Amino acid sequence: MRYVSPNLRLLFSPPLRPTLSVPLFISKPNPKPFSFSTILASSSSKRPRSFSNLSRRSNSTFKDRKGGGRDMTMEETTGQSKDSSSSFGFNKRRAEGRDKSDRPKKNPQLKERKLNPTNTIAYVQILGTGMDTQDTSPSVLLFFDKQRFIFNAGEGLQRFCTEHKVKLSKIDHIFLSRVCSETAGGLSGLLLTLAGMGEEGYSVKIWGPSDLNFLVGAMKSFIPHATMVHTQSFGQSPISDAAENVTAPIKASDPIVLVKDEVVKISAILLQPHCLEQSQIKPGEMSVLYICELPELMGKFDPKRAAALGLKAGPKYSELQHGKSVKSDRLDIMVHPADVMDPPVPGPIVILVDCPTESHLQELLSIECLNGYYTDVSSHLTESTKMVNCVIHLSPASVVSSPNYQKWMKKFGSAQHIMAGHGKKTLEVPILKSSARVTSRLNYLWPQFFPAPGFLSLQHLSSSEGPTLKICESIPAENLLKFTLRPYAQLGLDRSHIPTPMGQSQVIDELHLEIPEIADAAQHVREFWQELKESREVLPTSNDNGVMIEEPWLTEDTLPGCLENIRRDDLEIVLLGTGSSQPSKYRNVSSVYINLFSKGSLLLDCGEGTLGQLKRRYGVDGADKAIRNLKCVWISHIHADHHTGLARVLALRRDLLKGVPHEPLLVIGPRQLKRYLDAYQRLEDLDMQFLDCRSTTKASWDTFVRDGASNNDGSSPQSPRHSNAKNESMQEVNQTLFAKGSRMQSYLRQPGSPVDHSAAYPFLKSLKKMLGEAGLEALISFPVVHCPQAFGIVLEAAERVSSVGKVIPGWKIVYSGDTRPCPELVDACRGATVLIHEATFEDGLVDEAIARNHSTTKEAIEVGNSAGAYRIVLTHFSQRYPKIPVFDETHMHKTCIAFDMMSINIADLPVLPKVLPYLKLLFRNEVAVDESDDILDALV
């Protein structure tokens, strides 16, 4: 009998269940410390439950908690897998896209506020979205007592504001310095969140150059137009008329007054590439310089001086304060306001400039209307010259460092310059501190699954930046840095809100104080991995290999054949986003990165902030490499939390590969996504090709292979696939996910499904070639039960041949997307090496899961168990679970809970379920609190 060491046996033992009851969430720390060995005390394993145990829920009702109180009837349809007759509930109206009438009618309107002209508090503040990853432009907040303005809304803005409790409900206006994914990537998610709040929802007015019309047109593809009615563009209007247009000035470089009230005047100056006629300017090339001017405040009235001039207290005091001269009550003189008032307080001025290229800089230097703001000695000062107090530069470092730009900065005299463009000095300071803290703790406990962030070292940063010309004094922007505008006595920089940097050692020291047993746990993990490294051969790869097995659990959990002689550079699964609906402090929205190392990579879903997550995982340079090597992006459905990070990823790839021979990136998704991408590409070229998920179903692949064998490319009128394209009349009949009068069934399975295969044929050909280069045998989409055109995906690796000529089957990954349990998913999961399944709700919220067509933890596990999946990874958790979801350990013998940045190497799959008790230890003091409360706090 082969020897198995005690530590290794513990590592591969059945699910670990404490003999001392320790609840997953407790409101108070356990008064009696318990040993690590107690936590990891083992018990007999429980066999997986069959999928047939899914309970029957017929005609159940659920009152939508967030749907205005309307009762919703849940319709049940029976779905049969090949070997079971199990039933399950789902919301048929939602799956078919007919549930809009079930939701409360909202009409978000702009808020009317009573303004405060004196504004005891006013400031500008850097909201550092993207500062630690260089993936988006930072946002800038202009704050008044009763009014808020934001400049730029890049990806991560909503998550940043949730983290730092920046209230967004008082935002009335958002101004874009350019219209592109870098400055507006977070806009759609923010608008959806605001529109869904309260009884009527919130809305803001969006301002930008005429390119804004293209963005509005694109976003109409997937968000209600009601959330976008308040948009206003300026400058020469393009063809689209989606946004109201402000009257253009006589000269393109003249200021355009956008907002003017008793609180602030905001003007815009358009910057276009130098020497280009208006007709030659491409969408996305227009940039904006914003000037924010606060009104002058009258000086303080001095009653002693008034009395000395013979005035009695009374109405004349008020007249003087309103600028009128009065006759003295005791003296034969006129009293003027200047006699009794302190000098007026000048109105502060802030300029925000985004000069993206040298060509824009030439235009900037020639703008005459800025002459009235230049106060250096070389300028011609007049009484009308205005003194600028602060200039915030959103321009990139390559432009800012040029001599001409530096000389232009100097023209503003003593103004404070804040450099908010991309600079590597901020890379070491995490913007999302709560998430970074959790990541550091997980990395300390189990670094093999939770790698350290991939940021570059400070030494590397300092050596790579090189010398910079610096004629004008300036400071780099920092997260939450303020420049106070009022009270005037405090005019200037305020660093008091800048978060204190926290190193890894400090995080771990706090962890040791909070959970003393964690040090022993981390030591156990290190020993486990050392022994696993030395003893991998103790695990059999099949039951018939003649090796005596000491423990019965080894028979139960035998390694699948595809893991035989597996290499660490074959596959890594990185969970970039594991939350649902909207980004939160601890979890970003959906995205899975499939790393095939030298063979390239794929993205499965691409929610807002995906690029930033990639950079946090691999570092800026590593993420750039990952984006260059992307083979394909696959999107499961049209909901915003699954695809609004796509434009930013595609735009970066376009820039990285500029001048390098390459093919456009293939994007596979639901047909609604194509409408969005087509509209967006009028704004900026995304260098991509689109393929409908319906063209990558198993039936479509079979047709493709059959036609390939007969040398038929599907383009001839006689082609069966060509005839389907003629069947447009059937599209309306078969538009719903479920055929009338039948069991739950995708209309894609019906013979008359109107998919134009002839158009898809060349893309399938390219996809087949790409799959071969990536070492993949198949990429198959399959329909699931969530909303119209919702899909899951199967990825299968090609077979390998060992050094002795043995054929080793390829691994199989299944990603569910968002779904209820359904037969299509169970069929797709059969024999899966890894099932990545959504688990939005805990088991006790099954009615809510049905209403929203999501899955509970138990249901997700039962799907995997019934299909014989080797490992199950749960993801897409509701934001009501801030750090770790509620789960029943008895069902988790082959399952793990995903966290953002979790990296699963295929060679480590046997160990994966053993992470769970360590996670339970790490989060034992956590209370199950709905994190959506934090989101609401930030919003209202």
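Nothing here was measured: the structure is a model prediction, and the numbers come from that model.
Using modelled atom types and a 3.5 Å distance limit, the side chains of Asn404 and Ser402 yield no donor-acceptor pair. Counting only N and O atoms by type, the side chains of Asp354 and Ser177 include a donor and acceptor under 3.5 Å apart. Residues Thr193 and Gln158 have side chains that bring a donor and an acceptor to within less than 3.5 angstrom of each other. Between Arg675 and Gln672, the side chains place no donor N or O within less than 3.5 Å of an acceptor N or O (distance only, hydrogens not considered). Side-chain N/O atoms of Thr136 and Glu155 include no donor and acceptor closer than 3.5 Å.
Between Arg148 and Lys167, the shortest heavy-atom distance links the atoms NH1-O, 4.3 Å. Considering every non-hydrogen atom in both Pro670 and Ile635, the closest pair reads CD-O, 3.4 Å. Across every non-hydrogen atom of Asn152 and Pro138, the tightest pair is CB-O, 4.0 Å. The two residues Gln613 and Asp900 come nearest to each other via the heavy atoms NE2-OD2, 3.2 Å. Of all heavy-atom pairs between Leu650 and Leu686, the closest is CB-O, 3.7 Å. Closest of all the heavy-atom pairs between Pro430 and Ala436 is CB-CB, 3.7 Å.
Under the 3.5 Å distance criterion, the side-chain polar atoms of Gln272 are left unmatched by any main-chain donor or acceptor of Ser287. With hydrogens and angles disregarded, a donor-acceptor distance shorter than 3.5 Å links the side chain of Gln125 to the backbone of Leu480. With Asn588 contributing its side chain and Gly577 its backbone, the two residues share no donor-acceptor pair below 3.5 Å. Between the Ser139 side chain and the Leu127 main chain, no donor and acceptor come within less than 3.5 Å of each other. Between the side chain of Arg654 and the backbone N or O of Asp685, at least one donor-acceptor pair lies under 3.5 Å. In this structure, the side chain of Asn371 engages the main chain of Glu368 through a donor-acceptor pair within 3.5 Å.
Looking at heavy atoms from C-beta onward, Leu481 lies in side-chain contact with Ile475 at the 4.5 angstrom threshold. Counting only heavy atoms from C-beta outward, the side chains of His360 and Thr357 approach each other to under 4.5 Å. Side-chain contact between Phe234 and Ser210 is absent, with no heavy-atom pair separated by less than 4.5 Å. Phe144 places a side-chain heavy atom less than 4.5 Å from the side chain of Leu294. Counting heavy atoms from C-beta on, the side chains of Met419 and Ile392 never come closer than 4.5 Å. Between Val257 and Lys265, some side-chain heavy-atom pair lies under the 4.5 Å cut-off. With a 4.5 Å cut-off on side-chain heavy atoms, Pro356 and Val399 do not count as touching. Leu352 has its side chain out of reach of Val124: every pair of non-hydrogen atoms, C-beta onward, lies at least 4.5 Å apart.
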TODO: Just do the side chain to side chain contact (heavy atoms under 4.5 Å, CB included) check on Asp261 and Gln147 with the steps written out, would you?
DONE: CA-CA 11 Å; Asp261 54 33; Gln147 218 173 4; 3.7 Å; yes

Open item on the list: Applying side chain to side chain contact (heavy atoms under 4.5 Å, CB included) to Leu646 and Tyr676, what does each step give before you reach the verdict?
Closed with: CA-CA 11 Å; Leu646 180 58; Tyr676 165 67; 5.9 Å; no

TODO: I would like to know whether His393 and Tyr405 meet side chain to side chain contact (heavy atoms under 4.5 Å, CB included); could you show each step before the answer?
DONE: CA-CA 11 Å; His393 300 268; Tyr405 195 96; 2.7 Å; yes

- [ ] Report the C-alpha distance between Val140 and Ile126 in whole Å, list the side-chain angles of each, state the deciding distance to 0.1 Å, and finish with yes or no for side chain to side chain contact (heavy atoms under 4.5 Å, CB included).
- [x] CA-CA 5 Å; Val140 178; Ile126 304 296; 4.2 Å; yes

Open item on the list: One pair to check against salt bridge (charged side-chain N to carboxylate O under 4.0 Å, His left out): Asp687 and Arg653. What are the steps and the verdict?
Closed with: CA-CA 8 Å; Asp687 191 24; Arg653 180 181 181 273; 3.8 Å; yes

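A search for ring-ring contact (aromatic ring centres under 6.0 Å, His included) contacts involving Tyr290 returns Phe151, Phe175, not counting sequence neighbours. Partners of Phe483 according to the ring-ring contact (aromatic ring centres under 6.0 Å, His included) rule, which considers only residues two or more places apart in sequence or in another chain, do not exist here. Residues meeting the ring-ring contact (aromatic ring centres under 6.0 Å, His included) test with Phe160, sequence neighbours left out: His164.
One finds the SG atom of Cys606 at 8.0 Å from the CG atom of Leu611 (value rounded to the nearest 0.5 Å). Taking CD from Gln362 and CD1 from Ile367, the interatomic distance works out to 12.5 Å, rounded to the nearest 0.5 Å. Considering CG of Leu432 and CZ of Arg616, their distance stands at 4.5 Å, rounded to 0.5 Å. Here the CG atom belonging to Leu212 is positioned 10.5 Å from the CZ atom belonging to Phe214, to the nearest 0.5 angstrom. The distance from the OG atom of Ser584 to the CD atom of Gln879 is 3.5 Å, given to the nearest 0.5 Å. Rounding to the nearest 0.5 angstrom, the gap separating the CD atom in Glu608 from the CG atom in Leu187 is 9.5 Å.
Between Tyr123 and Phe143, the ring planes lie parallel to each other; the angle is under 30°, not in the 30° to 60° tilted range. Ring geometry, His173 versus Phe149: the interplanar angle falls under 30°, so the pair is classed parallel (tilted spans 30 to 60°).
Atom NZ of Lys674 sits in a sparse spot, with 12 or fewer heavy atoms from other residues, nucleotides or ligands closer than 6.0 Å.
Among Leu142, Ile121, Val264, Ile349, the one residue that satisfies the side chain to side chain contact (heavy atoms under 4.5 Å, CB included) test with Leu485 is Leu142.
Residues Phe412 and Tyr374 place their aromatic rings such that the two centres sit under 6.0 Å apart.
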